[in-house]
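This report concerns only the one structure given below.
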Amino acid sequence: MTHDAAPLAAAGPQRLLVLGANGPTGREVVQQALNRGHRVDALTRHPESFPLHRQRLRVVAGDATDPAVIDTAVAATDSVICTIGAAFTLKPVEVYSATTRSVIAAMENHHRRRLIVVTSAGVRRSHHQSGIAQVVAYGLMRHVLGRTVYDDMAKMESLITASTLDWTIVHPPGLVSIPGHSYAVAADEIEGNLCARDDLARLLIDQLTDDRFLRGIAAVATPGLSISAGHMIRHEILKR
Ligand SMILES: NC(=O)c1ccc[n+]([C@@H]2O[C@H](COP(=O)([O-])OP(=O)(O)OC[C@H]3O[C@@H](n4cnc5c(N)ncnc54)[C@H](OP(=O)(O)O)[C@@H]3O)[C@@H](O)[C@H]2O)c1
C-alpha cells in the first residue's frame with residue numbers, strides 16, 4: 001500500500017457528507033458520527049422518510065448522481081463517506097460510477113481530500129473461497145444475479161483509484177442489521193462471510209483519522225457472527 005498522501009486530519013469534530021444516508025448502513029453512519037461529535041450532512045432522495053432529527057445534522061434532499069447536487073454538498077463539507085447502494089437487477093446499473101464521477105470532480109474542485117466508500121468483497125473473488133460450492137455460489141452472484149451491480153462497483157473503484165484523492169475503499173461481505181461487537185479489518189482481504197452494519201459504520205468513521213488503508217482497500221468483517229438462512233431471507237433478501 002502506498003502512503004504518499006498528505007497526513008489525515010487530526011482526531012476531532014469534522015463536517016461529513018454521508019451519501020446513501022437513508023440506507024440501513026447510512027443511518028448507522030449518521031447516528032454514530034453525530035454521537036462522536038461530528039457535524040453531518042445526510043444526502044437522500046427521500047428526506048421525508050429520514051428518521052433522525054438531531055443537532056449538528058442537516059438532511060439534504062437530492063439525487064447523488066446529479067453533479068450540481070454533489071458539488072453544492074461537497075462545498076459544505078470536509079470529508080465524504082459513501083454508502084450508496086443498488087439492489088441486484090439484470091438491468092444496467094450506473095449509480096455507483098455516476099455518483100463517484102461527480103464526487104471526485106466536486107472534491108477536486110473544492111480541494112477536499114478524504115473519500116471513504118463502500119463497495120463489496122464480492123467485487124473480486126476471494127482467496128478464502130476454497131470449496132467448490134463457494135466458488136459456484138460466488139460465480140452465480142458475481143457474474144449472473146449481481147453482475148450489473150458488481151460491474152458498476154468495479155467501475156467506481158477504477159475511477160477512485162485513478163484519482164488523486166485520499167481515498168479508502170471498504171469491502172464488507174454480506175451485511176446484516178444485528179448488533180456487532182467489534183470489527184476485524186485487514187488490507188485487501190479478510191476471512192468472514194458477514195459484517196454487522198453497526199461495525200461497518202464504526203470502521204467507516206474510524207477511517208477519517210486512520211491512515212492504514214489510505215489509497216487502499218480495507219476488508220472488514222464481524223468475527224463470530226452467524227445468522228439463520230431464514231433471517232437472511234426475511235430481513236435482507238425479501239426487504240429489497
Ligand atoms: N446488503 C449487503 O449484503 C451488502 C454487501 C456488501 C456490500 N454492500 C454495499 O454496502 C453499502 C450499504 O448497503 P446497505 O444494504 O446498508 O444499503 P442499501 O440498501 O444498498 O441503501 C443505500 C441507500 O442508497 C441510497 N441511494 C441509492 N441511489 C441513490 C441516489 N441516486 N441518490 C441518493 N441516494 C441513493 C438509497 O437511499 P434513498 O432512496 O433514500 O436516496 C438507499 O437507501 C452499499 O454500497 C451496498 O452496495 C451491501
Side-chain angles (χ1 to χ4, degrees), residues 17-32 41-52 59-70 72-74 80-89 91-103 115-124 126 137-138 141-142 145-157 160 168-178 180 183 190 192-204 217-222 225 227 231-240:
L17 171 62
V18 180
L19 305 177
N22 207 9
T25 300
R27 289 178 183 184
E28 273 290 340
V29 171
V30 172
Q31 191 149 337
Q32 290 187 28
D41 288 352
L43 188 109
T44 169
R45 293 168 300 178
H46 303 106
E48 70 291 345
S49 68
F50 194 72
L52 301 172
V59 180
V60 180
D63 190 311
T65 62
D66 180 339
V69 166
I70 291 294
T72 306
V74 165
V80 179
I81 294 181
C82 179
T83 66
I84 289 264
F88 283 180
T89 169
K91 294 184 189 151
V93 172
E94 292 192 338
V95 67
Y96 297 94
S97 56
T99 300
T100 301
R101 240 178 244 112
S102 301
V103 168
L115 172 63
I116 301 152
V117 305
V118 181
T119 60
S120 170
V123 173
R124 305 171 180 190
S126 162
Y138 173 75
M141 198 180 66
R142 173 66 183 87
L145 301 177
R147 181 179 61 82
T148 56
V149 165
Y150 290 119
D151 283 354
D152 198 42
M153 284 180 175
K155 210 182 277 179
M156 175 190 212
E157 293 192 357
I160 290 171
T168 297
I169 294 169
V170 176
H171 278 184
L175 296 178
V176 286
S177 290
I178 55 178
Y183 62 77
I190 197 161
N193 295 324
L194 293 174
C195 184
R197 285 189 173 87
D198 61 355
D199 278 339
L200 173 59
R202 207 166 294 126
L203 169 93
L204 291 168
I217 290 177
V220 61
T222 299
L225 203 62
I227 56 164
H231 180 105
M232 190 55 135
I233 291 166
R234 271 195 312 280
H235 295 280
E236 297 296 336
I237 297 174
L238 294 181
K239 263 168 73 176
R240 292 191 152 250

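Just follow the structure's listing: the first ligand is 1, and inside any ligand the first atom is 1. For reference, positions follow the sequence shown, starting with 1.
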For ligand 1, does Thr119 get within less than 4.0 Å through its side chain, its backbone, both, or neither, judged by non-hydrogen atoms? backbone

Which atoms of ligand 1 have any heavy atom of Gly174 under 4.0 Å away? 3 (O)

Which ligand 1 atoms does Tyr96 reach within 4.0 Å, using its non-hydrogen atoms? 45 (O), 47 (O)

Report the member of Ala201, Gly23, Ala87, Pro173 with the shortest heavy-atom distance to atom 5 (C) of ligand 1. Pro173

Are Asp151 and Arg142 close enough for a salt bridge, meaning some N to O gap below 4.0 Å? yes

Would you please test Val170 and Ile116 for side chain to side chain contact (heavy atoms under 4.5 Å, CB included) and show each step? CA-CA 7 Å; Val170 176; Ile116 301 152; 4.2 Å; yes

Please indicate whether any nitrogen or oxygen in Leu43 is less than 3.5 Å from any nitrogen or oxygen in ligand 1. no

I'd like to check whether Arg45 has a polar contact with ligand 1, where a contact means an N/O of the residue lying under 3.5 Å from an N/O of the ligand. yes

One pair to check against side chain to side chain contact (heavy atoms under 4.5 Å, CB included): Leu19 and Thr83. What are the steps and the verdict? CA-CA 6 Å; Leu19 305 177; Thr83 66; over 6 Å; no

Determine, considering heavy atoms only, which of Thr44, Leu175, Val176, Leu194 sits nearest to atom 4 (C) of ligand 1. Leu175

Ligand-side contact atoms (ligand 1) for residue partner Met153, heavy atom cut-off under 4.0 Å: 47 (O)

Does at least one non-hydrogen atom of Phe50 fall below 4.0 angstrom from an atom of ligand 1? no

Minimal non-hydrogen separation, Asp63 against Leu43, with atom names: C-CD2, 4.4 Å

Test Leu225 against Ile178 for side chain to side chain contact (heavy atoms under 4.5 Å, CB included), laying out the working first. CA-CA 9 Å; Leu225 203 62; Ile178 55 178; 4.0 Å; yes

Before you tell me yes or no, could you show the steps for His171 and Ser120 under side chain to side chain donor-acceptor pair (under 3.5 Å), namely the whole-Å CA-CA distance, both residues' side-chain angles and the distance that decides it to 0.1 Å? CA-CA 4 Å; His171 278 184; Ser120 170; over 6 Å; no

May I ask you to list the atoms of ligand 1 that are less than 4.0 angstrom from any heavy atom of Thr25? 12 (C), 13 (O), 14 (P), 16 (O)

Please determine which of Met156, Lys155, Glu94 meets the side chain to side chain contact (heavy atoms under 4.5 Å, CB included) test together with Arg101. Lys155

Qualifying residue, where the test is side chain to side chain contact (heavy atoms under 4.5 Å, CB included) with Val176 and the options are Leu194, Asp198, Thr222: Leu194

What do the steps show when you test Asp66 against Ser102 for side chain to side chain donor-acceptor pair (under 3.5 Å), and what is the final call? CA-CA 7 Å; Asp66 180 339; Ser102 301; over 6 Å; no

Numbered atoms and elements of ligand 1 in range of Asn22, under 4.0 angstrom, heavy atoms: 40 (O), 43 (O)

Closest heavy-atom pair, Tyr150 versus Met141, reported as atoms and distance to 0.1 Å, is OH-CE, 3.3 Å

N or O pair under 3.5 Å between Pro172 and ligand 1: no

Counting from 1 in the order shown, the ligand 1 atoms closer than 4.0 Å to a non-hydrogen atom of Val118 are 9 (C), 10 (O), 11 (C), 45 (O)

Is the closest heavy-atom distance from Val117 to ligand 1 below 4.0 Å? no

Looking only at non-hydrogen atoms, which of Leu204, Val95, Ile84, Asp66 approaches atom 44 (C) of ligand 1 most closely? Ile84

